[in-house]
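Since the structure comes first, as structure tokens, the remarks are kept for the end.
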Amino acid sequence: MTTQQPSFTYEALPMRVVFGAGSLARIPQEAEQLGLRRLLVLSTPVQEKLAEQAETLLGKACVGRFTEARMHVPADVVAAAVKAAREVGADGCLAIGGGSTIGLGKAIALETGLPVISVPTTYAGSEMTPIWGLTENGRKRTGRDRSVLPRSVVYDPELTLGLPIGMSVTSGFNAVAHAVEALYAPDVSPIISLMAEEGVRSLATALPVIVEDPLGLQARSDALRGAWLCGSCLGATTMSLHHKLCHILGGTFDLPHAETHTVLLPYVAAFNLPSAPAAERALSRALSTDDVPGHLARTSVELGAPRSLADIGLTQDDVDEVIGQAVDRPYANPRPVTSDALRPLLTAALNGALAR
């Protein structure tokens, strides 16, 4: 007796990846391969020295720096960056940093068509997706457009050695969230399921080691590889309730991006996984547990992440606004999303109930 294989569609995104310790030194070759001779280097204010290092490596191929990237990609920052790119006659951008900087590079690409080289320094995974986001007037808009996909991604684990332990943990759980939602996405495929399970396994194994030894290059490499896989899963599938809620919490309430993903993930998993048994089985294997939501909540707190949404700035008075936005334009989800269903989920996350 043979088992009928499921039918599915899988479309690989065009992406060049350079991975390995010391890979930052290869950015001049990446620029040359893409025919880019006038790059604007992007970073946050905190990572300006890293931007200076990239500028030095690029030499004459760098025509300027814009170091004002900010979390949630505010529209006014994008406007200033686009103006800077045009003033220096840039033919591309090099975004070096975490999700904020890479998100800015995507926003510039969306408006101008300029190609982007991404050099991630966290585990956000944005560099692997054609998803862009922009925050304006307290609302975060997102969309998909192939034009924002970085032309080249340079993964250098050495650049993550200085990532603080707390940010390493929350950034890693942010990546895990991409894979969790990919596993129950309506357009998931067996290929994505394999990548998602391995991505979660890699990060779940690496993060405790990083907490014990932040300078261990092997664990940093494993985490970065896991982030690559998880980001690829997000780029190939449809986002669901978890990402919808995180966009609301970040765009409207300016909650910190990675911490919000970390705190909220176990509660959305508890809500959705009973309606997605195949996803739950894959996560149980990857995490070696029969209680995926509880394991995610307890492990994140044990590794030093915030316990609750209240810990990162949400109040009980904010819950109605979150619910209103979530049900107004819902994302695809394995379980129906209603106001009555969301209230206990958000109340539990506000109080950190699963992590206690």
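Connection of Tyr267 to Tyr331 is not established within any shared hydrophobic cluster, with ILVMFWY side chains joined at heavy-atom distances below 4.5 Å, either directly or through further cluster members. A continuous path of Ile, Leu, Val, Met, Phe, Trp and Tyr side chains, each step under 4.5 Å between heavy atoms, connects Trp132 with Ile108, placing both in one hydrophobic cluster.
A 6.0 Å sphere centred on CZ of Arg329 holds no more than 12 heavy atoms belonging to other residues, nucleotides or ligands. Heavy-atom neighbours of Met167 CE from other residues, nucleotides or ligands within 6.0 Å: at or below the threshold of 12. Around atom CD of Glu32, no more than 12 heavy atoms belonging to other residues, nucleotides or ligands sit under 6.0 Å away.
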CA sep, side-chain torsions, deciding dist, call: Ile96, Leu42, side-chain contact (heavy atoms from CB on, under 4.5 Å): CA-CA 6 Å; Ile96 186 165; Leu42 310 174; over 6 Å; no
Is there a side-chain hydrogen bond (donor to acceptor under 3.5 Å, both in side chains) between Thr237 and Asp187 once you walk through the steps? CA-CA 6 Å; Thr237 56; Asp187 46 1; 4.8 Å; no
Dump the intermediate steps for salt bridge (charged side-chain N to carboxylate O under 4.0 Å, His left out) on Asp291 and Arg298, then the final yes or no. CA-CA 11 Å; Asp291 177 15; Arg298 290 188 296 272; 3.5 Å; yes
Quick one: do Thr121 and Gln47 satisfy side-chain hydrogen bond (donor to acceptor under 3.5 Å, both in side chains)? Show the steps, please. CA-CA 10 Å; Thr121 61; Gln47 293 187 303; 3.1 Å; yes
Go through the steps for Thr112 and Arg86 under the test side-chain contact (heavy atoms from CB on, under 4.5 Å), then give the verdict. CA-CA 9 Å; Thr112 67; Arg86 286 173 172 160; 3.9 Å; yes
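Gly89 and Arg38 make their closest contact through O-NE, 3.1 Å (heavy atoms, listed as atom of the first residue, atom of the second, distance). Counting all heavy atoms, side chain and backbone alike, Phe19 lies closest to Pro157 at CE2-CG, 4.2 Å. The two residues Leu264 and Ala349 come nearest to each other via the heavy atoms CD1-CB, 4.1 Å. Residue Arg37 comes nearest to Gly35 through the heavy atom pair NH1-O, 3.5 Å, listed as atom of the first residue, atom of the second, then distance. Smallest separation of non-hydrogen atoms from Ala85 and Leu114: CB-CD1, 4.1 Å. Summarising the geometry of Ala219 relative to Val209, their closest heavy-atom pair is CB-CG1, 3.7 Å, with the distance given to 0.1 Å.
Between Glu321 atom CD and Ile323 atom CD1 the span is 10.5 Å, to the nearest 0.5 Å. Trp228 CH2 to Glu198 CD: the interatomic distance, rounded to the nearest 0.5 Å, is 12.5 Å. In this structure, OG1 in Thr122 is found 7.5 Å from CG in Asn174, a value given to the nearest 0.5 Å. How far OG of Ser118 is from OH of Tyr155: 8.5 Å, rounded to the nearest 0.5 Å. In this structure, CG on Leu255 lies 12.0 Å from CG on Leu245, to the nearest 0.5 angstrom. In this structure, Leu183 CG and Cys233 SG are separated by 7.0 Å, a value rounded to the nearest 0.5 Å.
Contact check on Glu52 versus Lys49 returns no salt bridge, with no Lys/Arg side-chain nitrogen under 4.0 Å from an Asp/Glu carboxylate oxygen. A salt bridge links Glu197 to Arg201: at least one charged side-chain nitrogen sits closer than 4.0 Å to a carboxylate oxygen. Using a 4.0 Å cut-off between a side-chain N of Lys or Arg and a carboxylate O of Asp or Glu, Glu127 and Arg151 do not qualify as a salt bridge. Look at Arg16 and Glu30 and you find a salt bridge, because one of the NZ, NE, NH1 or NH2 atoms lies within 4.0 Å of a carboxylate O, short of that distance.
For His72 and His247, the gap between ring centers reaches or exceeds 6.0 Å.
Among the candidates Leu134, Thr129, Leu149, Val78, the single residue satisfying the side-chain contact (heavy atoms from CB on, under 4.5 Å) test with Lys106 is Thr129. Just one of Leu40, Val88, Val41 meets the side-chain contact (heavy atoms from CB on, under 4.5 Å) condition when paired with Phe66; it is Leu40. Put simply, the residue from Asp318, Val319, Leu314 that forms a side-chain contact (heavy atoms from CB on, under 4.5 Å) with Gln316 is Val319.
Residues Thr260 and Phe253 have side chains not in contact (no heavy-atom distance under 4.5 Å, counting atoms from C-beta outward). Residues Cys230 and Leu203 form a side-chain contact, since some pair of their non-hydrogen atoms from C-beta on lies under 4.5 Å apart. Side chains of Asp254 and Met71 form a contact here, defined as non-hydrogen atoms less than 4.5 Å apart. Residues Leu94 and Val116 fail the side-chain proximity criterion, which asks for heavy atoms closer than 4.5 Å. Contact check for Pro120 versus Val153: side-chain heavy atoms found under the 4.5 Å cut-off. By the 4.5 Å heavy-atom criterion applied to side chains, Pro115 and Leu36 are counted as neighbours. Proximity of Met128 to Val17: side-chain heavy atoms (C-beta onward) are separated by under 4.5 Å at one or more points. With a 4.5 Å cut-off on side-chain heavy atoms, Phe173 and Leu303 count as touching.
One N or O on the side chain of Ser168 and one on the backbone of Leu163 form a donor-acceptor pair closer than 3.5 Å. Within the 3.5 Å criterion, the main-chain N or O of Leu249 finds no donor-acceptor partner in the side chain of Thr252. Although no hydrogens or angles enter the test, the distance criterion places a donor-acceptor pair under 3.5 Å between the side chain of Arg220 and the main chain of Thr160. Remark: the backbone N or O of Ala297 is paired with a side-chain donor or acceptor of Ser300 at under 3.5 angstrom. The backbone N or O of Glu181 sits nowhere less than 3.5 Å from a side-chain atom of Ser240 that would complete a donor-acceptor pair. Side-chain atoms of Asn351 come within 3.5 Å of backbone atoms of Thr347 as a donor-acceptor pair (strictly under, hydrogens ignored). Thr170 places a side-chain N or O within 3.5 Å of a backbone atom of Gly166 that can act as its donor or acceptor partner.
Applying the side chain to side chain donor-acceptor pair (under 3.5 Å) definition to pairs two or more places apart or across chains, those involving residues 334-344 are Asp320-Arg343.
A donor-acceptor pair shorter than 3.5 Å cannot be found between the side chains of Gln33 and Gln29. With hydrogens and angles left out, the side-chain atoms of Arg225 and Ser202 include a donor and acceptor closer than 3.5 Å. With hydrogens and angles left out, the side-chain atoms of Asn272 and Tyr184 include a donor and acceptor closer than 3.5 Å.
For Val337, the side chain to side chain contact (heavy atoms under 4.5 Å, CB included) criterion is met by Leu241, Val327, Asn333, Leu342, not counting sequence neighbours. In this structure Ala310 satisfies the side chain to side chain contact (heavy atoms under 4.5 Å, CB included) test together with Ser308, Leu350, sequence neighbours excluded.
Listed by chain and number, the hydrophobic cluster partners of Leu161 are Leu215, Leu217, where partners are ILVMFWY side chains within reach of under 4.5 Å, directly or through others. When hydrophobic residues (I, L, V, M, F, W, Y) are linked wherever their side-chain heavy atoms come within less than 4.5 Å, the members clustered with Leu229 are Phe8, Tyr10, Val188, Ile191, Ile192, Met195.
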List the atom pairs, with distances to 0.1 Å, where a side-chain N or O of residues 57-64 and a protein N or O form a donor-acceptor pair under 3.5 Å, not counting sequence neighbours.
none

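His261 and His242 have tilted rings, their planes meeting at an angle from 30° to 60° on a 0 to 90° scale.
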